[in-house]
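What follows is a set of notes on a single structure, which appears directly below.
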Amino acid sequence: MSDIPTDISHDQFAVRRQKLADLRAGGFDPFRANCAQTHFSGDAIKAYVEGEDNAVRVSVAGRLVTIRIQGGSGFVKILDQQGQIQLYVKKDVLGVDAYMAFKKLDFGDFIGVTGTLFKTKAGEITVRVESYTLVSKALRPLPEKWHGLTNDEQVYRQRYLDMIVNADSRKRLMLRSRIISYIRRFLEDRRFLEVETPILQTVAGGAAARPFETHLNALNIDFVLRISLELYLKRMLVGGCDRVFEIGRNFRNEGMDRKHNPEFTMLEVYQAYSDFRGMMTLVRDLFQGLCRDVLGTMTVTFKDKEGNAHDIDFGGDWREVRYKDLITDFTGDANWFSRTKDEKIAYCKGIDLFVEPTWEDFEITNEIFSKKIEHTLIQPTFVTHLPKELCPLAKINLDDPSVIDVFELTIGGMEVAPAYSEQNDPDVQRAMFEAQAGGEQQKVDNDFLLALEHGMPPAGGMGIGIDRLCILLTSADSIRDVILYPQLRPAAATAEIKN
RNA sequence: GGCUUCCUAGCUCAAUGGUAGAGCAGUUGACUCUUAAUCAAUUGGUUCGGGGUUCGAGUCCCCGGGGAGCCA
């Protein structure tokens, strides 16, 4: 009966190639076929009129992911962007030839069907298929239906397989799209303007990080990929865009782990005539809106490094605490900031925290914050008034000139959103840049300083790490779970696919 | 970059240093409302690559590749 030679019956790739060859020999090329699509799966299910079987006719299309054929009829399911819908195929309806051909379809094949909606005995809304077309043959088999694909490496390298067979992955990655879409709507509703600024830059400004280096042949000049959006967005403030944002990729040539990918997505927002306090309200409204309108819940589950689950509550007011208070509370030393460097180093030794003796005081203190304190801040917390050395782009606090008017929003032990009252005094800004550059004059962005000298309105600015936000809102374990194609070493194994 | 750990059939997983197995998928057959459909039969392996120890290596050792976790 079958055209499949028995000697290849074990090789699913070869069997499918043979089926394709048989189809073509019969004058049908599935890759040249097309089909109608009136509904996505979910919309089709909604279109069913209760109690009126076969009253509504739909055309749906998708990938075959479940096959349950039983003699002269059978149930199958196809997967499309909205999910799955069940189809009922019957020899009496399709005719013998079409039905026999249908039985030769494989998991993974794309088909288009037209038929009417009805409800099965088990209560599932299903398409009674009147006609179908194979519109694309899958030559390789899908991963197993029950356990899905669990091999991390294959999940990342062949994300499409992960998305086909792992419903959780598909939902998580689609949720990311909805989160970003909501953020755009939220900001546009508040009159923010979305812009696009250069990724190729001559000075990597706006943050302290090692950039990727490249070369522009046409100008014979070395360029870097941006590490931050900040300085070009501030130029937009100078140019008269009072409320401006960009959602874009940043690149940092540094470590990779559960919270870091070399390319990652940042949102930066700038609002003239506001300040870091205004950004607090903005970010809380944004996150609470995301929870309410996208997630449908104000609490999400978060798993810490030890695997303990916490409920993060995004509702209500959020904790606000000064950086200095966190440090003095942790060290139990109210006079921590007036201690000598040797005393600080001695303390760190005592708590088994490694610090370099060459570090500045603020670096030692910040090591305590980032290694010992930050990961304990699970509930949404505004850490405010950081030491001025940590950021040269923010305004100095009027009451305490050793700190700046900023917050770092920390959730789930991760820095999710830093915000500043933006520095707009060109002379102070230049002094801060020069102190940071430490004599390396080429690291000072003079073009940005020129812009500031033309006058930048006072403004609040904020960055949000979109990947980290998605980790939190989707309860993901790793940044790789919310990035479609995280960076990996090239695989020799997949370089030459066996055939 | 360092430490730990993993890599076995298309996928998910087994296998005291002693004949590489199972489930799903595939193939063949039965079955006209299934839900991981069921029933019967059956094919399928460069155990990531290379070297070594051993009578014998998926297993132990070394080198290399890739993934993950922790650290830097």
Side-chain angles (χ1 to χ4, degrees), chain A residues 1-19 53-54 64-77 84-96 99-100 102-109 118-129 138-159 161-162 164-167 210 253-260 303-307 352-356 367 370-371 375 477-481 486-499:
Chain A
M1 302 292 258
S2 169
D3 299 312
I4 312 298
T6 50
D7 63 334
I8 63 160
S9 70
H10 59 91
D11 183 342
Q12 303 191 43
F13 185 56
V15 167
R16 286 167 182 239
R17 278 220 171 275
Q18 183 62 52
K19 286 181 179 176
D53 281 1
N54 303 315
L64 208 42
V65 289
T66 298
I67 300 176
R68 283 191 281 267
I69 295 288
Q70 359 146 35
S73 77
F75 290 92
V76 303
K77 286 183 179 175
Q84 297 189 8
I85 187 167
Q86 179 164 264
L87 315 175
Y88 181 56
V89 288
K90 210 168 175 223
K91 183 164 32 174
D92 305 345
V93 175
L94 285 177
V96 177
Y99 186 75
M100 293 311 284
F102 193 94
K103 285 172 79 169
K104 289 196 175 177
L105 295 177
D106 290 302
F107 285 113
D109 289 351
F118 74 105
K119 195 179 258 187
T120 66
K121 280 180 186 168
E124 181 160 355
I125 294 163
T126 301
V127 180
R128 180 185 303 274
V129 176
L139 292 174
R140 293 192 184 268
L142 291 176
E144 199 224 14
K145 61 185 172 188
W146 186 238
H147 299 93
L149 187 64
T150 64
N151 180 309
D152 286 335
E153 186 173 355
Q154 206 168 350
V155 163
Y156 302 144
R157 290 194 199 282
Q158 294 181 276
R159 178 68 84 184
L161 293 179
D162 177 47
I164 294 164
V165 298
N166 296 337
R210 185 173 166 198
N253 204 344
E254 298 182 338
M256 298 165 58
D257 59 31
R258 286 193 323 171
K259 293 179 194 171
H260 298 86
K303 268 204 308 258
D304 65 23
K305 214 160 70 174
E306 285 77 34
D352 215 23
L353 178 67
F354 176 79
V355 290
E356 296 279 2
E367 189 70 2
S370 57
K371 290 287 158 57
H375 72 272
D477 292 326
S478 161
I479 197 168
R480 297 183 202 100
D481 294 334
Q487 252 72 37
L488 296 178
R489 291 193 130 90
T494 55
E496 42 178 303
I497 296 169
K498 63 177 179 184
N499 50 19

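It should be emphasised that the depicted structure is a prediction, and the values quoted were computed from it without experimental measurement. Letters A, B, ... mirror the listed sequences (proteins, then strands); counts begin at 1.
Applying the 4.0 Å criterion to OP1 and OP2 of B/rU12, one finds that A/Thr150 has a side-chain N or O inside that range. At least one side-chain nitrogen or oxygen of A/Arg489 sits closer than 4.0 Å to the OP1 or OP2 atom of B/rG66.
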So which protein N/O to nucleotides 3-8 of chain B N/O distances come out below 3.5 Å?
none

Would you tabulate the pairs of protein nitrogen or oxygen atoms and nucleotide nitrogen or oxygen atoms of nucleotides 70-72 of chain B closer than 3.5 angstrom?
| unit_1 | atom_1 | unit_2 | atom_2 | d |
| --- | --- | --- | --- | --- |
| B/rC71 | OP1 | A/Lys305 | NZ | 2.8 |

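Legend: residues meeting ring-ring contact (aromatic ring centres under 6.0 Å, His included) with A/Phe102, ordered by chain and number and at least two apart, are A/Tyr132. For A/Asp304, the side chain to side chain contact (heavy atoms under 4.5 Å, CB included) partners at least two apart in sequence or on another chain are A/Phe302, A/Glu306, A/Asn308, A/His310. Listed by chain and number, the residues in a side-chain hydrogen bond (donor to acceptor under 3.5 Å, both in side chains) with A/Asp481 amount to none (sequence neighbours excluded). In this view, A/Glu144 and A/Trp146, A/His147 satisfy the side chain to side chain contact (heavy atoms under 4.5 Å, CB included) rule, not counting sequence neighbours. Listed by chain and number, the residues in a side-chain hydrogen bond (donor to acceptor under 3.5 Å, both in side chains) with A/Lys119 are A/Glu50 (sequence neighbours excluded). Every side-chain hydrogen bond (donor to acceptor under 3.5 Å, both in side chains) that A/Gln154 has, sequence neighbours left out, goes to A/Gln158. Residues meeting the side-chain hydrogen bond (donor to acceptor under 3.5 Å, both in side chains) test with A/Glu254, sequence neighbours left out: none. Applying the ring-ring contact (aromatic ring centres under 6.0 Å, His included) test to A/Tyr88 and every residue at least two apart in sequence or in another chain returns A/Phe75, A/Phe118.
Listed nucleotides B/rG26, B/rU43, B/rA68 differ in distance to A/His10; the shortest reach to its side chain belongs to B/rU43. Closest approach to the A/Leu149 side chain among B/rU43, B/rU12, B/rG66 is made by B/rU12 (side chain taken as heavy atoms from C-beta onward).
At least one donor-acceptor pair under 3.5 Å links the side chain of A/Asn166 to the backbone N or O of A/Leu149. Of the possible polar contacts, one joining the A/Asp109 side chain to the A/Asp106 backbone as a donor-acceptor pair under 3.5 Å is found.
Look at the P atom in both B/rU47 and B/rC33: the space between them is 46 Å, to the nearest Å. Atom name C1', nucleotides B/rG69 and B/rU27: the rounded distance is 41 Å, in whole Å. The gap from the C1' atom of B/rU12 to that of B/rA30 amounts to 28 Å, rounded to the nearest Å. For the C1' atoms, the distance from B/rA57 to B/rA15 is 13 Å, rounded to whole Å. One C1' atom belongs to B/rA37, the other to B/rC31, and the distance between them is 11 Å to the nearest Å. Annotation: B/rG50 and B/rA40 have their P atoms spaced 41 Å apart (nearest Å). Between B/rC24 and B/rU32, the distance separating the two P atoms is 22 Å to the nearest Å. With P as the reference atom, B/rC13 and B/rG65 are 26 Å apart, rounded to whole Å.
One interatomic measurement links the two molecules: NZ of A/Lys104 to P of B/rU27, which rounds to 10 Å at whole-angstrom precision. When the P atom of B/rU12 is taken as reference, atom CG of A/Asp162 falls 11 Å away, rounded to whole Å. At whole-Å resolution of the value, CZ in A/Phe13 and P in B/rC11 are 14 Å apart. Here the C1' atom of nucleotide B/rU12 and the CG atom of A/Asn166 are 11 Å apart, to the nearest Å. Distance CZ (A/Arg157) to C1' (B/rA68): 13 Å, rounded to an integer number of Å. The nearest whole Å value for the distance from the CG atom in A/Asn253 to the P atom in B/rG1 is 12 Å. Residue A/Arg140 contributes atom CZ, which lies 11 Å from atom P of B/rG10 at whole-angstrom precision. Residue A/Arg17 contributes atom CZ, which lies 19 Å from atom C1' of B/rU27 at whole-angstrom precision.
Residue whose closest nucleotide on RNA chain B sits further toward the 5' end, between A/Gly148 and A/Gln12: A/Gly148.
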Should A/Leu139 and A/Arg17 be marked as a side-chain contact (heavy atoms from CB on, under 4.5 Å) after you check the CA-CA gap, both sets of side-chain angles, and the distance that decides it?
-> CA-CA 6 Å; A/Leu139 292 174; A/Arg17 278 220 171 275; 3.5 Å; yes
Apply the test side-chain contact (heavy atoms from CB on, under 4.5 Å) to residues A/Thr120 and A/Gln86: give CA-CA distance (whole Å), side-chain angles for both, the deciding distance (0.1 Å), then the verdict.
-> CA-CA 10 Å; A/Thr120 66; A/Gln86 179 164 264; 3.8 Å; yes
Could you check A/Tyr99 against A/Ile69 for side-chain contact (heavy atoms from CB on, under 4.5 Å), going step by step and ending with a plain yes or no?
-> CA-CA 11 Å; A/Tyr99 186 75; A/Ile69 295 288; 3.8 Å; yes
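Consecutive Watson-Crick or G-U pairs involving RNA chain B, each under 3.5 Å on both distances, make up stems of three or more pairs at B:1-7 with B:65-71, B:10-13 with B:21-24, B:26-30 with B:38-42, B:48-52 with B:60-64.
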Could you run through nucleotides 31-38 of chain B and give me one letter per nucleotide, 5' to 3': B if any protein heavy atom sits under 4.0 Å from the base, S if only the sugar-phosphate is that close, - if neither?
-> BBBBBBB-
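Between A/Ile125 and A/Ile85, the shortest heavy-atom distance links the atoms O-CG1, 4.5 Å.
Residues A/Lys91 and A/Val96 are in side-chain contact: their nearest non-hydrogen atoms beyond the backbone lie under 4.5 Å apart.
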